[in-house]
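Convention: sequence-line order gives letters A, B, ...; per-chain numbering from 1. Reckoned from all heavy atoms, side chains included, excluding hydrogens, waters and symmetry mates.
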2 protein chains.
Amino acid sequence: MSAATIKDVAREAKVSVASVSRALNGGRGVTAETSQRIREAALRLRYVPHAAARMLITRRTNTVGALLPDLYGEFFSELIRGIDLAARARGLHLLVSSSHDDAAAAAVALRAMQGRVDGLLLMSPHADADFLRQNLPQDLPTVLMNTRLAGTDYCALSVDNDGGARLMVEHLLSLGHQRIAFIQGPSGNRDASEREFGYREALASHAPGNPVTTLGGDFSEESGYRAGQQVLAMRPRPDAVFAANDMMAIGCMAALREAGICVPEEIAVCGFDDVPMARYVTPPLTTIQVHIAELGEQAMELLGKQIDNPGSVATGTRRRVRAELVVRASSGAPIA
Amino acid sequence: MSAATIKDVAREAKVSVASVSRALNGGRGVTAETSQRIREAALRLRYVPHAAARMLITRRTNTVGALLPDLYGEFFSELIRGIDLAARARGLHLLVSSSHDDAAAAAVALRAMQGRVDGLLLMSPHADADFLRQNLPQDLPTVLMNTRLAGTDYCALSVDNDGGARLMVEHLLSLGHQRIAFIQGPSGNRDASEREFGYREALASHAPGNPVTTLGGDFSEESGYRAGQQVLAMRPRPDAVFAANDMMAIGCMAALREAGICVPEEIAVCGFDDVPMARYVTPPLTTIQVHIAELGEQAMELLGKQIDNPGSVATGTRRRVRAELVVRASSGAPIA
DNA sequence: CTGAAAGCGCTTACAG
DNA sequence: CTGAAAGCGCTTACAG
């Protein structure tokens, strides 16, 4: 015996399918008595409305799609949890898709979601204005997360990378550090370039005379290690290193330690992200914490609004998720 | 203008909708020429078949559901990535649902997936035979992951916890450690109890005379710290501590360090999981690595088989994902 | 090879 | 309040 349909319930309750539908969806236009009888019949038959049939007729899937570059790692883990929680709270299902190596794969994934979702949460390094125009259905509510958005009017959420970087530079300056070097992230990476921008800007406005020094990196621990070796060779040597992410900061500290340099006594080192490991390295890492889960939650909230009430969210709405300074031993600050 | 339907394509290509359907689904029973014309029309109209309509008629959603206790953290992050990759490879969409605080919430989530998925990947601490009988549709292909399965014949994947724990105990014994204490995980947790079982079994078979000592814990770093303090107070003191997970091992090491005890010279400490942090603590942690992504991949594979070919997977099929010893400094082994 | 028609399970005007 | 009927967009026997 297959799953019960609305017809079975109608027969069992001796009413028409129309009444069953009405009773089970809010109950307007049905006597309390009939409604009760219908509900009992549905329960007895373990009736669950067929999702596809309902989608077809209501044009609503009650599902949102999340297209992410990856699912792995601290960042995505927290992001997807924030999204999931917010979706759940709104009674929405979550369809995920990730790991698109190139723009073509991302486009395919995007297309495949068509008709399966009421809205889209999109984070993709491949997405630019052109890509979006090509691959996003016109009328599908969409919120971009940490994605290039020059030339688009989609709603967008992003991490306040420059603000965070500025906080860090101000912190280092306040401790008396003068020669602050910056380890860059991968070129073309938006987070990385915004962090660098914040670094430059903070130096320019607070300490215009101080040297601006950037070292190549790609977010990997190894690249941080190599940057650390470069720091060792510089004359005059920087008295602080600000890495565009924590893993590079950790790699950098390893290089300094191997050379017998004490952190933070001889050189301060700090990062960005506040990965869990940051607390556990020696010395614990001063870094910038970003509320990633909030990024997911807020994006979902914005998307939910658009879905429920198209037009309720102004075109091109932008929001930033705040970044906070987390002071630990590696920057040489007196710890309370 | 809304999305094009099959009718629009039929009109554009001057054929019936039946031909469009045939041409676009494999093309059997259509001349190459007609098929070509139809494809061009579809492309021109940017036609994408309406997913819901197709689901309704084919009874296939091309979607699998993953019901997980959480999405956050190393373990789930890796698990879901393994699942996602395997699902992608089979052209299946992935619907996720998580964070069910109790059995009732899990049941609701399970029901909500009905009709939306062709199969289910299920990991739930709330799921026992009774729960499954109550809440799983009879004929829905399902694979259980790391879930209690006494009394069920669902297919199931699980981590080889006892095997891993046995490896660790054998490793410690081979290094000459005699009094090996074990820090337990939360009571009722399947992974935790299997690891403890492996610990006891390995001691019983390889070193029946050695003391069996268990200390309470709940997988949190704090509980490991407290267990570490208990270890310090014991006489005779254990010469090795095996924690049921890495975070407790890390907490334990912190307690020992504060008391001025050297790891591994005075006491060896090791964990289970190989979280990324394990490499970075001082000293680096000897632990058991589990190929979590494999768990997800294999589960997906088993599920895919069941979906494609019901009956092709023997009822009650069980598989275990292997666990490997990762030797680092904390166990006092000579590192190559 | 091609098309007209039935039907998947539901919701929603439209009558009564 | 209640029911008969149309229709959402698709696929698939069934004829031709």
Output the rounded distance in Å from CZ (A/Arg11) to C1' (C/dG9). 13 Å
Under 4.0 Å between a side-chain N/O of B/Arg54 and OP1 or OP2 of D/dT11, yes or no? yes
I need the CD1-P distance between A/Ile38 and C/dT11, as an integer number of Å. 12 Å
Mapping B/Thr34 and A/Tyr47 onto DNA chain C by nearest heavy atom, which one lands closer to the 5' end? B/Thr34
B/Ile57 CD1 to C/dG7 C1', straight-line distance once rounded to whole Å: 6 Å
For A/Arg60, I'd like to know if atom CZ has over 12 heavy atoms of other residues, nucleotides or ligands within 6.0 Å. yes
When you check the phosphate oxygens OP1 and OP2 of D/dC1, does a side-chain N or O of A/Ser19 lie under 4.0 Å from one of them? no
Has B/Thr58 got a side-chain N or O lying under 4.0 Å from the OP1 or OP2 atom of C/dC8? no
Let me confirm one number: the CG-CG distance from B/Leu85 to A/Asp70, rounded to the nearest 0.5 Å. 8.5 Å
Could you tell me the separation between the CG atom of A/Leu24 and the P atom of C/dT12, rounded to a whole number of Å? 13 Å
Between P on C/dT11 and CE on A/Met55, what's the gap in Å once rounded to a whole number? 12 Å
Among the candidates D/dC10, C/dT12, D/dC1, find the nucleotide nearest to the side-chain atoms of B/Thr5. D/dC10
Can you figure out which of D/dT11, D/dC14, C/dT11 approaches the side chain of B/Ser21 most closely? D/dT11
Separation of atom CG in B/Asn25 from atom P in D/dG9, rounded to whole Å: 17 Å
Round to a whole Å and report the spacing from CZ of A/Arg59 to P of C/dT11. 14 Å
Once you apply the 3.5 Å cut-off to both distances, tell me the Watson-Crick or G-U wobble partner of D/dT2, or none. C/dA15
Distance, nearest 0.5 Å, that separates CG of B/Asp84 from CG of A/Leu71: 5.0 Å
Heavy-atom donor-acceptor pair, A/Thr147 side chain to A/Met145 backbone, under 3.5 Å: yes
D/dT11 C1' sits how many Å from B/Lys7 NZ, rounded? 15 Å
So if I take every side-chain heavy atom of B/Ala53 and compare against D/dT11, D/dG9, D/dA4, which nucleotide ends up nearest? D/dG9
Side chains of A/Thr61 and A/Asp118: donor-acceptor distance under 3.5 Å anywhere? yes
Between B/Ala18 and B/Leu56, which residue's closest nucleotide on DNA chain D lies nearer the 5′ terminus? B/Leu56
